[in-house]
Amino acid sequence: MDFKNTARNILFLSFLLSSMATFAQEIVPERCATDEYNKMLLKDYPNMMGSKAFEKQLSKQIQLNKVEQGAIQGVTSRRMVYTIPVVVHVIHNGEAIGVGTNLSDAQVLSQIQVLNEDFRRMIGTRGYNINLAGADVEVEFCLAQRTPDGCVTNGINRVDMSATSTSWSGPGGNTDTVLKPATIWDVSKYLNIWSVNFSNTSTLGFAQFPGGPATSDGVVVGYQYFGSDDDPNVTIPGDFNLGRTGTHEVGHYLGLYHTFQGGCAEVGGGDLCADTPAVASSSSNANICNTGNDSCPAGMVDMVENYMDYSQDSCMNVFTNDQKARVVATLTSAANRPTTLTSNVCTPLASVNNDGSAQIEGIAVADCGYSAIASVRITNWGTNTLTSAVITYDEDGGTSSNYNWSGSLNYGEFEVFNLPAIVSTPGNHTFNASVSSPNGNSDSRSCNDDANATFNVNPSYASTTQVHLTLNTDGFGGETTWTFKNSAGTTLYSGGPHLDNVTINESFNVDPNECYTFTILDAAGDGICCGVFGNGSYELKADDNTVIASGGDFDSSE
């Protein structure tokens, strides 16, 4: 669903019917955006899940699996348990690990634990139930032990994307066009899960159904809903704090629809699972578990405990046998649904004595000035305790410098530290870093020694006495505001909301020795350009007409 467009349609109707003054009240939060995503993808992938062709093939696979399972059970009681390799991409904004969007290892591990408890109907956990239709799906999850290039990993891929964006769209926006292409691992070997800061706070997550493009496959979850508050090392507030957003979205990834799919229109509901009762609509996000309700005239109580409903996390604990049949059929027939039968990335590499790896966590550039400080993470993947190493670094392949690191890291442990500041120049640059001489020895693995990251240094405009703004609003100028602040954070100038489709010119007096920040905001979260609602834009210039900044295509702010 496009919340802004939907809101505008509702606004138009509301004015006709009752002259309502605002439309923000009409936007209904949607916990999961998978259905919206599927509608988009089906246009280019007409045979993926959501199509009759996909369901016809999956139905055949379900019947085939039942025949084969019956034959196996006639000989032995051995069951097939599928294990899915996972990489979790923690997309953060440069915070320290465990702060804000840069989730702790414990929080990531707690989400994997919840997936295993829920899909295995694990006794003694929240994932266990006594529902007669309840099933042990017999699917487990393991964090990857190998990267796509064959190097060692713990399955947690931390990526600072703040230089590109600090928030990410739902389906069809910069999550698909920018984030996924920059970070995705081979979908034939890994289930890719992204933890992100969503631009639209009403979205908790979304997944790609089977049969879609390999370039965007996987699951996306809001960082605030990732993992479980049950873990003593994790604190997550709210009603969606037990990792069930992850369970719900992985259910979609494995071929499950919402239980309320189709409403009351079909016997057994539109999710194509006969043992999940039809329900009129998704359950409430209220802080209660609304059991005992029958919203359809079929005489069957709504299964609000099902993971594929919208109940609060503490209410969920059921996958059914028919849902299990769809999951198993998906794993045995759909492309890019890897298990340890087809992927070896959960198998650890042979151990080595000395192996240090280097990653660049982020680069802090002075707001005004040319100083840049790189934050580097060194990890020990060797069996020997890592006590020393050499970090070699440079800018743009120029003259290199060495930094002698010392500490004490056991296998899998890491330390994040800052390298000495470098003096750069205005423009885009690449910072390179590499690790060598772990414990004074040769590094046994070279595949994780080198890292690089790009950064930008803003130019200065010491000769200008004013900064000039030209703002062209789009068809919803009332959503646009802006501020111009000094280095102390004091707002010197501001504007908006504005009229629709107008041009605003402003000039800001400036001190050549001061640092200023201009911020433009859009209340609907889709910038001011480009589309059916107008091609808005902004431009900032110095006195000599040098363009300082320009744009319009952003999310909530720039």
Side-chain angles (χ1 to χ4, degrees), residues 31-32 34-35 38 48-50 54-66 68-70 79-84 114-122 125-141 191 205-211 219 243-263 266-279 282-283 291 296 298 300-311 313 315-334 337 339:
R31 177 173 181 175
C32 168
T34 298
D35 288 339
N38 189 231
M48 71 177 294
M49 182 174 158
F54 181 90
E55 291 306 331
K56 182 178 180 180
Q57 179 60 39
L58 193 70
S59 178
K60 289 181 179 179
Q61 188 64 47
I62 290 173
Q63 296 306 314
L64 179 61
N65 288 350
K66 287 181 178 179
E68 291 181 349
Q69 185 65 25
R79 299 181 302 180
M80 170 67 76
V81 176
Y82 295 93
T83 302
I84 298 176
V114 168
L115 291 176
N116 284 318
E117 292 173 358
D118 292 351
F119 279 85
R120 288 308 312 272
R121 196 189 185 191
M122 196 175 294
T125 74
R126 288 184 184 271
Y128 182 70
N129 67 78
I130 57 173
N131 193 299
L132 294 178
D136 171 1
V137 182
E138 296 181 309
V139 170
E140 297 180 356
F141 302 83
L191 159 55
F206 68 95
Q208 183 171 304
F209 282 150
V219 167
R244 267 51 193 279
T245 297
T247 299
H248 179 100
E249 300 304 342
V250 171
H252 285 315
Y253 169 87
L254 293 174
L256 300 182
Y257 292 107
H258 289 126
T259 54
F260 50 86
Q261 203 90 5
E266 300 180 46
V267 177
D271 66 347
L272 305 180
C273 294
D275 56 1
T276 59
V279 290
S282 62
S283 63
T291 58
C296 290
M300 298 180 68
V301 174
D302 297 353
M303 190 181 284
V304 295
E305 303 93 339
N306 198 284
Y307 295 113
M308 304 313 295
D309 198 355
Y310 276 4
S311 307
D313 279 17
C315 183
M316 293 179 166
N317 67 356
V318 175
F319 282 123
T320 68
N321 286 291
D322 283 354
Q323 287 177 320
K324 174 182 178 178
R326 286 186 64 88
V327 168
V328 174
T330 297
L331 288 172
T332 53
S333 65
R337 291 299 178 265
T339 70

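The analysis underlying the following values was restricted to heavy atoms, covering all of them including side chains, and did not include hydrogens, waters or symmetry mates.
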Practice problem: Only pairs at least two apart or in different chains count here, so list each salt bridge (Lys or Arg N to Asp or Glu O under 4.0 Å) that has a residue in residues 244-253. | Solution: D118-R244
Quiz item: With Y257, which residues qualify under ring-ring contact (aromatic ring centres under 6.0 Å, His included), at least two apart?
Solution: F209
Practice problem: Please name the pair of heavy atoms, one in P210 and one in L254, separated by the smallest distance, quoted to 0.1 Å. | Solution: CG-C, 4.5 Å
Self-check item: Closest approach of V328 to Y82 (non-hydrogen atoms, all atoms of both residues)
Solution: CG1-CE1, 4.1 Å
Quiz item: Which value, rounded to the nearest 0.5 Å, describes the distance between Y310 atom OH and T245 atom OG1?
Solution: 10.0 Å
Quiz item: Are any non-hydrogen side-chain atoms of N131 and N317 less than 4.5 angstrom apart?
Solution: no
Exercise. Quick one: pull up CE in M48 and CD in Q208 and give me the separation to the nearest 0.5 Å.
Key: 5.0 Å
Practice problem: Show your reasoning for whether side chain to side chain donor-acceptor pair (under 3.5 Å) applies to D271 and T276. | Solution: CA-CA 8 Å; D271 66 347; T276 59; 2.5 Å; yes
Quiz prompt | Counterpart residues, salt bridge (Lys or Arg N to Asp or Glu O under 4.0 Å), relative to D313 (two or more places apart) | solution = R31
Practice problem: Assign the ring pair H248 / H252 to parallel, tilted or perpendicular, where the plane angle (0 to 90°) is split at 30° and 60°. | Solution: perpendicular
Quiz item: Which of these passes side-chain contact (heavy atoms from CB on, under 4.5 Å) with M303: T259, T291, T320, D275?
Solution: T320
Quiz item: Can you tell if the side chain of V327 reaches within under 4.5 Å of the side chain of L256, non-hydrogen atoms only?
Solution: yes
Quiz item: Is L58 close to S333 at the side-chain level, that is, under 4.5 Å between some pair of heavy atoms?
Solution: yes
Quiz item: Between S283 and S311, does a side chain to side chain donor-acceptor pair (under 3.5 Å) hold up when you go through it step by step?
Solution: CA-CA 6 Å; S283 63; S311 307; 3.1 Å; yes
Quiz item: Which atom pair, heavy atoms only, marks the closest approach of E55 to L272?
Solution: OE1-CD1, 3.2 Å
Practice problem: Please assess T247 against V114 for the test side chain to side chain contact (heavy atoms under 4.5 Å, CB included), listing each intermediate value before the final yes or no. | Solution: CA-CA 8 Å; T247 299; V114 168; 3.7 Å; yes
Quiz item: What's the verdict on side chain to side chain contact (heavy atoms under 4.5 Å, CB included) for H258 and D35, showing C-alpha distance, side-chain angles and the deciding distance?
Solution: CA-CA 9 Å; H258 289 126; D35 288 339; 3.0 Å; yes
Self-check item: For E117, side-chain hydrogen bond (donor to acceptor under 3.5 Å, both in side chains) partners two or more places apart
Solution: Q113
Exercise. Might you work through the side chain to side chain contact (heavy atoms under 4.5 Å, CB included) test for E138 and M80, ending with a clear yes or no?
Key: CA-CA 7 Å; E138 296 181 309; M80 170 67 76; over 6 Å; no
Quiz item: For F119, which residues count as a ring-ring contact (aromatic ring centres under 6.0 Å, His included) partner, sequence neighbours excluded?
Solution: F141, F319
Quiz item: Quick one: does D302's side chain have a donor or acceptor within less than 3.5 Å of a partner on V304's backbone?
Solution: no
Quiz item: Between G50 and N38, what is the shortest heavy-atom contact and its length?
Solution: CA-OD1, 3.7 Å
Self-check item: Smallest separation among heavy atoms of R326 and G255, with atom names
Solution: NE-O, 2.8 Å
Practice problem: Go through the steps to decide whether Q323 and V137 satisfy the test side chain to side chain contact (heavy atoms under 4.5 Å, CB included), and finish with yes or no. | Solution: CA-CA 8 Å; Q323 287 177 320; V137 182; over 6 Å; no
Quiz item: side-chain hydrogen bond (donor to acceptor under 3.5 Å, both in side chains) with N129: which residues, sequence neighbours excluded?
Solution: R121
Self-check item: Gap separating the CG atom of N306 from the CZ atom of F260, nearest 0.5 angstrom
Solution: 10.5 Å
Quiz item: What's the verdict on side chain to side chain donor-acceptor pair (under 3.5 Å) for T332 and N65, showing C-alpha distance, side-chain angles and the deciding distance?
Solution: CA-CA 9 Å; T332 53; N65 288 350; 3.2 Å; yes
Quiz prompt | Contact summary for A207 and V219, nearest pair of heavy atoms | solution = CB-CG2, 3.8 Å
Quiz item: Taking only residues two or more places apart in sequence, or in another chain, which ones meet S59 in a side-chain contact (heavy atoms from CB on, under 4.5 Å)?
Solution: none
Quiz prompt | Counterpart residues, salt bridge (Lys or Arg N to Asp or Glu O under 4.0 Å), relative to R337 (two or more places apart) | solution = D217
